[in-house]
Enquirer: 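Here's a structure for you.
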Amino acid sequence: MPKIVVDGVSYEVAEGRTILQALDDLGVLMNGVDIPHYCWHPKLTIDGSCRLCQVEVEGIPKLQIACNTLVTEGMVIHTQSERVRKAREGVMELLLINHPLDCPICDQAGECKLQDYAFEYGVPHARTREPRRAAKKRVDLGPTIVFDQERCILCRRCVRFCREVPGTGELAVFQRGDRSTIETAPGQPLDNDYSMNVADICPVGALTTKDFRFKIRVWFLEELPGVCTGCANGCNVYMGVANNRVYRYVARRNDEVNQTWICDDGRLSYKRIGAEDRIDGHALQAPDGRRQQLSFDAAIAQAAAALRGVIERKGPGAIGAIASPHATNEDLFVLRRFLEALGSSQAGFTVPTWRADALLRKPEAAANGAGCRALGFGDAAPLLERVRGGAVAGLVVLGHDLLATFGPSVLETLRTLDALVLLDSHRSELEGLAQVVFAARVPAEKHGTLTNHAGRVQRVVPAVEPPFEAQAEGEILWRLAQALELPGFAGEWDPYAVSRELAAAEPAFTGCDLDSLPSEGAPLRGARID
Amino acid sequence: MQKAPYVTSYLTEHTGDDAFATLDGYRARGGWEAARRALTEMSPDQVIELVKSSGLQGRGGAGFSTGLKWSFMPKGADKPKYLVCNADESEPGSFKDRLLLERAPHQILEGILIGAWATGAEKTFVYVRGEYAYPAAVLQRAIDECYQAGILGPSCLGTGFRHDVVITRGAGAYICGEETGLLESLEGKKGQPRKKPPFPAQFGAFGMPTTVNNVETFSHVPHIVRKGAEWFRGFGTEKSPGTTIFGVSGHVRRPGLYELPLGTRLDEIVFQHAGGPPEGRKVKGVIPGGMSMPILPASQLDVPMANEFLRERKTMLGTGGVMVMDDTTCMVRVGCVITYFFRDESCGQCTQCREGTGWLHKLMQRIERGAGTLEDLELMLDVAGKMEGQTICAFADAAAWPVQGLLRHFREDFEAHVKHGKCPFPESFEL
């Protein structure tokens with residue numbers, strides 16, 4: 001392990017790494033050691049072309065680019081010397097001579113590395129009197145991305161991304177010199193499952209997503225750490241929130257989960273939070289299809305009465321539950337305890353699937369299938385058999401994944417139930433069969449944890465408050481248990497307390513409670529769950 | 001300083017003879033004997049040592065020791081090794097390699113085979129400038145002759161050593177003369193220099209260890225093998241041995257190629273060999289080594305043409321392309337031509353080069369139009385300074401140095417434009 005000295009501070013770094021890589025490994029790059037850079041990206045090959053990361057290395061006469069200079073034992077590096085300052089100033093000036101002054105209408109403004117570095121390392125006045133390069137402002141690169149040629153600083157991160165990550169290689173630099181520009185080949189638009197990452201890694205406002213552009217100035221957004229719930233990978237995101245609305249997801253780096261990427265479907269999955277088809281309040285469902293909006297308390301009373309009827313007629317063993325891979329570990333733990341307290345072992349779950357790939361997209365199109373399994377839930381099919389056979393007459397159903405897995409025929413099975421209580425966030429045909437429908441919160445509306453396909457437990461935080469009455473499944477079940485006078489559900493619903501209880505009860509979840517969980521999540525103890 | 005006889009040529013001694021371009025004609029002049037000797041009587045290391053001790057420096061512009069470069073190639077054969085002959089000759093003012101390709105192709109191929117033996121390379125790619133259609137055809141004819149005669153191929157000269165030579169044609173980009181830009185182009189990619197490390201000797205053409213040498217550099221090698229390092233050191237200066245081919249162009253009476261020892265004085269080349277400027281004109285300035293080298297004023301032509309002397313005058317030998325300009329020449333227009341060229345040819349990777357070449361050209365044009373200010377002159381120097389020594393390859397230096405040279409020696413031309421608001425040289429060439 002070579003030791004290097006950067007600005008007088010010693011660091012022990014890994015062998016075979018370049019200066020920027022080594023500092024990034026230690027987490028100090030731009031977080032204690034400021035070496036501004038454009039073309040270098042921790043998850044892409046080294047390009048070495050922007051020349052902004054030049055530093056002084058003792059014993060080498062010329063300034064060296066930190067992105068491509070390998071660390072050696074005893075290397076002494078200066079990142080803030082006068083020579084380095086001058087070189088940065090020079091690069092910034094040259095990058096700005098042709099850059100348009102359209103920050104007021106640029107989506108990147110406020111999170112633009114050209115703005116940031118110009119402010120930090122540039123000179124405040126322009127020395128050029130020459131007209132700036134005029135180029136195309138709105139190039140449609142494909143279904144998701146718009147390109148502004150004038151704003152592009154040709155760092156080529158997007159070009160390398162397309163070649164190296166999805167492997168599709170749609171983008172290339174065409175022309176040369178100061179006519180260089182990013183383009184796609186005719187008839188081959190930028191169109192892959194990960195295309196919108198190019199907007200995340202574009203340091204300037206050259207690449208913007210059609211989805212987010214012109215929606216809101218970024219400084220109005222609060223960026224909350226969250227987890228994408230599109231599939232079992234659990235890619236880390238920042239949820240951009242303002243006005244009680246999620247405006248976008250951008251990838252949040254987690255080297256254990258998603259590097260710095262997220263797939264396009266996952267990125268756009270934020271739209272499910274404020275979707276038109278949300279179940280917007282608890283309701284009593286009449287057999288003729290009419291819905292009657294209920295308060296939470298009233299809905300609990302109705303649901304408890306329906307379940308109590310089944311228990312009285314056929315015993316607690318006739319009550320079953322369908323767990324949801326969209327619910328949090330805490331919700332699921334409460335469901336498990338609910339059934340235990342009731343004295344029923346009738347439970348199961350099912351997970352929808354989608355088109356997976358070798359990169360991030362996992363086969364299960366739900367965030368917490370692994371959590372269901374870790375908490376002991378098995379396949380829903382045998383439970384449905386027992387419903388058909390009449391052994392199970394009352395069912396608490398979380399979510400509507402049964403429809404995707406078993407098809408419309410499952411509706412016939414469920415129609416035979418005496419009581420169906422549905423806890424769901426989005427509308428489906430299951431609603432028509434339920435006596436009581438509870439509006440459930442989605443992960444972006446509650447505290448909790450999710451277990452990804454590899455058994456990594458990651459936390460979610462409430463980004464928005466639903467604009468209608470809705471509760472976490474855990475809270476609904478907690479209150480239902482109280483209404484049924486089941487033991488062990490004293491006091492108010494508290495996801496933190498439940499998470500502590502879960503961590504204590506399930507050895508696999510040790511250290512995974514909401515108070516202890518680090519921002520990058522933690523693996524379940526024991527074997528990988530998959 | 002000058003140890004060798006006044007005019008001696010070995011590279012171009014027989015280039016006047018049409019037959020010299022054929023295998024028979026070349027053999028008749030003793031050709032291919034050096035390669036035979038190297039492959040049968042010398043070990044690869046002995047060849048490298050010989051070339052090292054001859055002091056041969058690369059003739060492509062950078063002037064790096066050829067023997068040393070060959071010694072960087074890894075020993076052993078765990079993967080294929082390649083040689084590249086750089087016949088891109090894209091430096092404006094340079095046309096010596098064209099002569100060697102057209103008139104002495106076997107001399108190049110013999111140097112290549114000796115280099116291949118020394119470095120253990122199994123294949124040589126000759127990267128020929130796209131515009132050089134005829135030279136490429138002549139070279140291909142020579143290669144075909146060599147294969148037929150068993151000089152190249154599975155058993156070169158019957159020794160069992162395998163070597164293949166193939167020609168790759170460029171597509172006309174200046175930057176593909178830079179060795180790693182060349183390698184990218186050779187691989188079928190956009191001609192953009194590679195960041196270093198890794199260096200070509202570790203990771204070159206198609207990822208294999210590769211050495212790139214210029215056409216003229218290879219051409220010297222058979223002579224060194226045949227006559228020895230001492231003989232070679234008999235030409236030129238102590239630090240810069242051998243001859244080189246100076247290509248003289250511009251305002252001289254006898255433009256052309258002159259093979260002369262390194263260290264020959266620039267004024268001797270311009271006035272004696274090339275006949276000086278046309279009647280009634282005076283020399284104003286001379287670019288000594290191709291367009292990317294800083295210009296020298298008429299008062300500084302008493303310099304021996306070798307890097308150790310030219311460096312003292314803040315210029316370099318480059319490719320030996322001597323460009324002579326007489327007193328009708330507007331040096332600001334020269335600046336416009338040069339900055340336009342480099343703006344056009346910059347590959348556009350590095351910020352300083354992509355943006356700086358364009359800015360310099362715009363500033364130069366403004367001054368030429370008479371719309372510039374004295375501050376613009378300082379600004380040009382400042383921009384050139386920001387480009388120098390900070391990029392992946394030497395292109396940005398090549399673009400900055402000529403501007404610095406023009407402002408160093410012909411500042412009065414620039415100031416006159418600013419002062420009069422127009423170009424004061426009505427007889428100069430049209431832009």
Side-chain angles (χ1 to χ4, degrees), chain A residues 18 37-40 45-54 60-65 67-70 83-84 86-99 114 117 123 126-133 152-156 159 163 172-182, chain B residues 171-176 180-181 189-198 339-366 371-373 375-376 378-380 382-393 395-397 399:
Chain A
T18 69
H37 52 273
Y38 285 120
C39 66
W40 185 80
T45 55
I46 297 167
D47 199 66
S49 63
C50 79
R51 317 305 289 180
L52 185 59
C53 70
Q54 293 184 98
I60 305 178
K62 274 189 188 179
L63 296 179
Q64 299 293 303
I65 47 171
C67 64
N68 195 46
T69 304
L70 288 170
R83 276 177 73 203
V84 172
K86 278 269 177 214
R88 284 176 186 161
E89 226 176 71
V91 175
M92 288 313 303
E93 178 174 35
L94 287 162
L95 281 174
L96 288 168
I97 56 171
N98 277 312
H99 195 83
L114 201 64
Y117 292 169
V123 282
R127 292 191 295 172
T128 171
R129 289 191 282 148
E130 321 306 327
R132 279 153 203 266
R133 181 175 56 148
C152 177
I153 59 166
L154 290 158
C155 70
R156 307 190 295 186
V159 174
R163 284 180 191 165
V173 179
F174 286 59
Q175 308 297 323
R176 65 183 184 196
D178 59 0
R179 286 91 55 221
S180 301
T181 185
I182 308 288
Chain B
Y174 174 79
I175 197 59
C176 295
T180 57
K189 301 173 189 160
K190 191 177 181 187
Q192 298 185 145
R194 298 174 179 172
K195 62 187 187 308
K196 285 140 262 187
T339 52
Y340 172 73
F341 177 82
F342 286 111
R343 178 187 188 175
D344 188 46
E345 294 285 350
S346 167
C347 87
Q349 283 188 98
C350 300
T351 304
Q352 291 95 328
C353 184
R354 179 181 68 241
E355 304 296 339
T357 51
W359 198 1
L360 285 179
H361 180 230
K362 287 177 184 171
L363 285 166
M364 202 64 91
Q365 282 179 305
R366 182 136 55 86
T373 64
E375 287 75 43
D376 288 334
E378 300 313 315
L379 183 55
M380 270 202 287
D382 188 70
V383 173
K386 285 191 159 84
M387 295 166 64
E388 206 184 341
Q390 294 200 16
T391 48
I392 287 177
C393 78
F395 184 102
D397 300 338

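Excluded from the calculations below are hydrogen atoms, water molecules and symmetry mates; all remaining heavy atoms, backbone and side chain alike, are included. All chains are named by letter (A, B, ...) in the order of the sequence lines, taking the proteins before the strands, and each is independently numbered beginning at 1.
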Enquirer: If you measure from CZ on A/R127 to CG on B/L363, what distance do you get to the nearest 0.5 Å?
Expert: 9.5 Å
Enquirer: Mind checking the CZ-CZ spacing from A/R51 to B/R354? Nearest 0.5 Å is all I need.
Expert: 12.0 Å
Enquirer: Looking at CD1 of A/I97 and NZ of B/K362, how far apart are the two atoms once the value is rounded to the nearest 0.5 Å?
Expert: 6.0 Å
Enquirer: How long is the span from the CD atom in B/E388 to the NZ atom in A/K62, to the nearest 0.5 Å?
Expert: 9.0 Å
Enquirer: Side chain, backbone, both or neither: which part of B/D382 has an atom under 4.5 Å from a heavy atom of chain A?
Expert: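 Side chain of B/D382 only, per the 4.5 Å heavy-atom cut-off to chain A.
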Enquirer: Output all residues satisfying ring-ring contact (aromatic ring centres under 6.0 Å, His included) with B/F395, sequence neighbours left out; order by chain, then residue number.
Expert: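 Applying ring-ring contact (aromatic ring centres under 6.0 Å, His included) to B/F395 gives B/Y174, B/F342.
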Enquirer: Between atom OG of A/S180 and atom NZ of B/K190, what is the distance when rounded to the nearest 0.5 Å?
Expert: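 Reported value, rounded in 0.5 Å steps: 5.0 Å.
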Enquirer: Decide, yes or no, whether a salt bridge links A/D47 with B/K195 under the criterion of side-chain N to carboxylate O below 4.0 Å.
Expert: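 Not counted as a salt bridge, because no side-chain N and carboxylate O are separated by less than 4.0 Å.
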Enquirer: Can a donor-acceptor pair be found, under 3.5 Å and without considering hydrogens, that links the side chain of A/D178 to the backbone of B/G348?
Expert: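 Side chain of A/D178 to backbone of B/G348: no pair is present.
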Enquirer: For B/K196, check side chain to side chain donor-acceptor pair (under 3.5 Å) against everything at least two apart and list the hits.
Expert: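 Scan of B/K196 (side chain to side chain donor-acceptor pair (under 3.5 Å), adjacent residues dropped) gives B/E178, B/T180.
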Enquirer: Let me confirm one number: the CZ-OG distance from A/R179 to B/S346, rounded to the nearest 0.5 Å.
Expert: 7.5 Å
Enquirer: Looking at B/E345 and A/R176, is there a salt bridge between them, counting it only when a charged N and a carboxylate O are closer than 4.0 Å?
Expert: yes
Enquirer: Counting distance only, does the side-chain N/O of B/T351 pair as donor-acceptor with the main-chain N or O of A/C50 below 3.5 Å?
Expert: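 Yes, the answer is positive, given that a donor and an acceptor are paired below the 3.5 Å cut-off.
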